[in-house]
Each structure stands twice: as structure tokens, then as C-alpha cells.
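Notes to accompany the following structure.
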Amino acid sequence: MNSKELADLIFPNVKGADYYEKLYPVRNLPEGAQVVRVAPSPTGFIHVGGIFQGLIAKKIAEQTGGVFFVRIEDTDQKRKIENGVEEILGAYKDYDLYPDETVGKGNYGPYVQSERMDIYQSYAKKMIEDGIAYPCFCTPEELEQIRENQTKAQERTGYYGKWAKCRNMPIDMAAEKIKAGEPYIVRFKSPGNPDKKIKHKDVIKGNIDMPENDQDIVIIKSDGLPTYHFAHVVDDHLMGTTLVTRSDEWIASIPLHLQLFYCMGFKTPKYAHTAPLEKAEDGSRRKLSKRKDPEAAVSYYTEEGIPKESLKEYLMNIANSNFEMWRKQNPDKDMMKDFEFDIKKMGVSGALFDMVKLLDVSKGVISRFNAQEVYDFTYTWAEKFDSELKEMLDDKEYSLKVLGIERGNVKPRKDISKWSDVKYIISYMYDEKFMPIPVEYEWQKITDKELIKDIVKTYFEKYYDESDDKETWFSKMKDLAESKGFAREVKEFKANPESYPGHVGDISTVIRVAITGRCNTPDLCEILKVLGKESINKRIEKLEKEI
Ligand code: GLU
């Protein structure tokens, strides 16, 4: 029997590699276009790293006029969960990172590995024919025995070289065993020598030398499904991947992967191994963990009401540190269309994922939304997660005014980082939230209760006029300050601090605290206008009673 006959015996009914080579023609793309893929496993947990990978892959594909596709790697059937695929694609959809090709979309599918069994078996068949793969009949006990012997002899463990029992089994013997119904798997016959080095030029990590692979890894398991290593090589070949972006935990597999590409006669894609997202803890850093860190799950951002734009902007910050400066210079541009991303600029070692910084970025992102957008996003979030906030927002006309305060101008307000903060941030604008709560007035500099009452009373009786523009409004505040013996300008006060009890800012703070209960708010003039007379009067009465 020859190797071709053995291959026919093992895989009698597959369509064959030639068939698939014709079925998936080489992609016809412009020069420089990159075909980039993300290859998640449907294990039921969407890690923020998955969004990171998707963002990078989509950005590169769009920037080069290429293709971004998502392939589902579910060859490990034990880890697979129901709806895993829907969840992954749902997350990409939610984050506007939907691929050009994926399940149900594209000419290079199926995009789910478990549906490509015939393809993998066809290539495994060809490898057996070519003498670079063979059936292995070792039982778990025999494998264990090999391992024990290796340990005793103080040699590397694994299935390789002289330890690979079935590697040089005569073809006739293998055929007999198969005919007799002995269970087997298929292994790659590695030509590697670990005393030699392979040279890998990683797009992110640069030149790396690693010992050649010599492990005869399993390519087809006993259930007929391929292993990940083998499947991804076949897939990236047939799907025309030009750039593999994936997490650097895979870098150790590079010698094997390059060897497989080479032995199978495929063109090797470029590899870009990205450093993991890390978290600072007790003075050191560790990987952002699925078990320990709630912010590792994409669902966390939905629950907290952190906009998808914020997470993406922050991830772009992590990916290319020059993005932050670009954003400052181009506050209104679309990062996906206009930012020139450079994968080579990605960090070689772990990237710090810092929630404080993310929320800060988010404040910038939300500051660029208009009132209607903020309203819509907050309302959608509140419908699901906060019925009290939803009720407040049900008064749409008023809420739009509230959310419109200091928005749409050159220096928009930057106090909202997530929708779950909105209730607290705007609560004082709603009488039913403000009135019954005994306010802890923090008066700052002026604490004399009689003086406070007097300032508030004089202001609303003598100076305040709803129709005043901002300038008049402020100049009246100065008049009020002067009438109470305070400096009209902060400057004046600073020049002669002993001549005044305080300045205009101390006076306006009194009004601010009396009306809102807070010493920090957006523009007071706008707040007063939105609140209106009736509400202001109620608050003055409340103040009279409470202090
Ligand atoms: N399926 C692998 C994972 O989920 C991806 C490996 C790759 O991108 O090549 O980690």
C-alpha cells in the first residue's frame, strides 16, 4: 500500500483539497489591501479584549480597502456554549464593528469551523498522501507511558522524534489496524529540529528567533474535528488572510504555525501579536481577568451605561498613543474614518487598562453629543436599568432643556462619563427629587445664615430677571456683590483682600448652593432659566425654613 491508498482508506469520501482550492479563489483586492480576521471561540464570555481585537482589525481593513472577517473557532466542543455565536456577533454589532464577512455573509465561508469538517479532512488527506501526516494509534495509557519515560530520561515531553511511536509505522501495518477498527487520530509529521532557529518578524514585536517545532501535533482528533492549530492554517489560507492580529499568548505557537504553512505549501500571512490589556494592582500589573475584574466583560459597559464610542475611543488610545493628541486636534472627526492608525506603533508589552482614564475619555465623548443624543442614550439605558431615572426623563421637553445646559458651545460640559451617573448629576433640576431631600448646604466661604438669606432675598427681589442674557446676568451678580460690600471682581479682591469680606464668586456660590444644593454645577444662569420662576420660588421658601 502507498500513502495515497492509505489516505483514501482514512478519508474515502471527502471532496479533496483541489476542489477547495478552486472553490475559494484568490481574492482580487487592490495593492496594499489587508484581509484581517478575528477568530473568537464561542465560550459565552465577551471579553473587552475581543472588542479591542475587532476594533484594530476593522480599522486596518477599512484603512487599506481590505476585508475584515470574523471566524468562529468552535473546534473545542466541550467549551462551546449555546448562543455563543450570536453573542459574539451581537457584541460586534452593538459596537459598530460588524465584519464584512462572517456567519451567513461572504464568499469564503462557512465561517464556523465546526461546519468545515470536510475541508479540514480534505487537507489532512493531502498531507497523508504527501507523507507529512500519519495516523497515530497510541492510547492515553501509551501516551502517559511515553511521558513518564521522558521525565525519567530528563527529556522534553511531547510526541516528537524518536518518542513518536507511530511516526515511522509501515503503511501496511497502519492500514491493517484501521481495517481492524482500531481507534486513531491524525498527526502532523514535523520536519523540525529544535537545535535550529526560525526567524519570525512580528508586525508588533519585531524580530523574534525561536527554536523550530518538532512536535508531531494532532491535526484531526478522534471525533473527526481538527485541532485549532491545523484548522486556523487551513482557514487563513483559504480565506485569504493577509494579516493575523491576535493576542500574544499565541506567540509561542508561531514556530508550529509557520511550519504548517510552509509544509502545506501555503503563503504565510503576517502576524501581529498584541500585548494583553492589563490592570494595575498593588504596585504591579496583571492581565485583565475574566474572573476578578467586572470591567473585563463587555456586558459591564452596557450595564454601567458607558457608551460604546467611549470604550472604542479609549481602546484606540491604548492601541496608538498618538490618538489622544489627534483627538484633541480633531474633536469632531470620526476616528474610524479619519484617524491614521498604525499597527506598528502598538505597544510591545502589556497595555494598562485604566477605568479612571476610560471614564475621563468618556466625559470627552459625551461632551460632544447633543442634548437629544444624550437624552436618547440615557433614556434607553434607564428603561432597562433605572426606572426612577426613566420617570424623570419621561418629561421629555423639560429633560431636553436640562441636558442641554452648557452643551453645543465651544467648551461643553464634561461632567457625565456614563448614563448611570446622569440621575445624580441632574437630580437637583427636578423639584420632586430636590425638595423632599434635606439638603446639606455647603455654603463654602459665606456661612452667616442671616447674610445668606439676605443675599438670596435681595438677588431674587432686586436683580434677577429671567430674560437677561449671560453678560447682563453676570454684571447684575457683580452689582449684588458690590451692594453687600464684596469685591465686584476676583482680581480686585486679590489685590486688596483685607478690604473685602469676599468677592463676586462667593456671592454667586451662595445663590448656586441655595438653588441647587451643590457648590459645583454647570452654568448657573442657564440653570435658573431652565428651572423657571415657580421652581426657584419653592426653593427659596425651602431655604427660609431649613436654615
Ligand atoms: N480561537 C483563538 C482564541 O479564541 C484565536 C487564535 C487566533 O486568532 O489565531 O483565542
Side-chain angles (χ1 to χ4, degrees), residues 34-61 67-81 84-89 91-92 97 99 101-103 108-116 119-120 188 200 202-205 208 210 213 217-219 221 225-261 264 266-277 287-290 296-298 319 343 346:
Q34 302 282 355
V35 180
V36 201
R37 62 32 166 212
V38 173
S41 299
T43 53
F45 180 89
I46 316 292
H47 195 284
V48 68
I51 298 294
F52 190 45
Q53 295 293 348
L55 177 68
I56 296 165
K58 190 173 176 88
K59 184 79 180 106
I60 296 171
V67 176
F68 164 46
F69 74 85
V70 171
R71 178 175 69 230
I72 305 294
E73 302 206 327
D74 60 347
T75 52
D76 187 349
Q77 296 282 313
K78 286 192 288 300
R79 288 175 62 218
K80 187 171 168 174
I81 66 136
V85 178
E86 288 76 5
E87 280 181 31
I88 290 169
L89 295 179
Y92 282 129
L97 296 173
E101 297 174 14
T102 190
V103 182
Y108 289 79
Y111 293 88
V112 181
Q113 286 186 331
S114 59
E115 293 169 21
R116 297 170 65 81
I119 299 177
Y120 305 124
F188 168 50
H200 167 61
D202 196 86
V203 177
I204 296 173
K205 311 254 178 194
I208 308 174
M210 280 185 275
N213 169 68
I217 60 132
V218 179
I219 58 173
K221 298 181 282 190
L225 280 171
T227 54
Y228 155 72
H229 297 296
F230 176 58
H232 107 278
V233 169
V234 172
D235 291 342
D236 282 330
H237 162 66
L238 289 177
M239 295 175 176
T241 306
T242 63
L243 176 67
V244 173
T245 51
R246 64 181 180 190
S247 107
D248 66 5
E249 66 193 299
W250 293 105
I251 210 154
S253 304
I254 270 291
L256 167 64
H257 294 170
L258 296 184
Q259 194 175 55
L260 279 167
F261 271 100
M264 294 174 78
F266 299 157
K267 188 164 183 257
T268 319
K270 285 203 161 65
Y271 280 88
H273 286 95
T274 59
L277 300 176
K287 259 192 195 179
L288 198 61
S289 140
K290 172 172 161 173
V298 171
I343 190 161
M346 284 186 75

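When a ligand or atom number is given, it counts from 1 through the structure's own listing order. Excluded from the calculations below are hydrogen atoms, water molecules and symmetry mates; all remaining heavy atoms, backbone and side chain alike, are included.
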In residues 39-52, what donor-acceptor pairs under 3.5 Å come from side-chain atoms, sequence neighbours left out?
residue : atom : partner : partner atom : Å
S41     : OG   : E73     : O            : 3.0
H47     : ND1  : G49     : N            : 2.8
H47     : NE2  : L288    : O            : 3.4

Would you be so kind as to tabulate the donor-acceptor pairs closer than 3.5 Å made by side chains of residues 248-255, with sequence neighbours excluded?
residue : atom : partner : partner atom : Å
D248    : OD2  : K205    : NZ           : 2.6
E249    : OE2  : S247    : OG           : 2.8

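Using bins of under 30°, 30° to 60° and over 60° for the plane-to-plane angle, the ring pair H229/H257 lands in the tilted bin.
On a distance-only criterion, H232 and ligand 1 share no N/O pair closer than 3.5 Å. On a distance-only criterion, A39 and ligand 1 share at least one N/O pair closer than 3.5 Å. Between R246 and ligand 1, an N or O atom pair is found at a separation short of 3.5 Å. Checked against a 3.5 angstrom limit, the closest N/O atoms of E249 and ligand 1 fall outside it.
For atom 4 (O) of ligand 1, the closest non-hydrogen atom on the protein side is S41 OG, 3.3 Å. Taking atom 1 (N) of ligand 1 as the reference point, the nearest protein heavy-atom neighbour is E73 OE1, 2.6 Å.
When atom types are taken as modelled, the side chain of T227 and the backbone of V218 share a donor-acceptor pair closer than 3.5 angstrom.
In R37, the part holding a heavy atom less than 4.0 Å from any atom of ligand 1 is the side chain.
In this model, a donor atom of one side chain and an acceptor atom of the other lie less than 3.5 Å apart for D235 and Y120.
Applying the 4.0 Å criterion to heavy atoms of Y228 picks out, from ligand 1, the atoms 6 (C), 7 (C), 9 (O).
Under the side chain to side chain donor-acceptor pair (under 3.5 Å) rule, R37 has a single partner from T102, D236, T241, which is D236.
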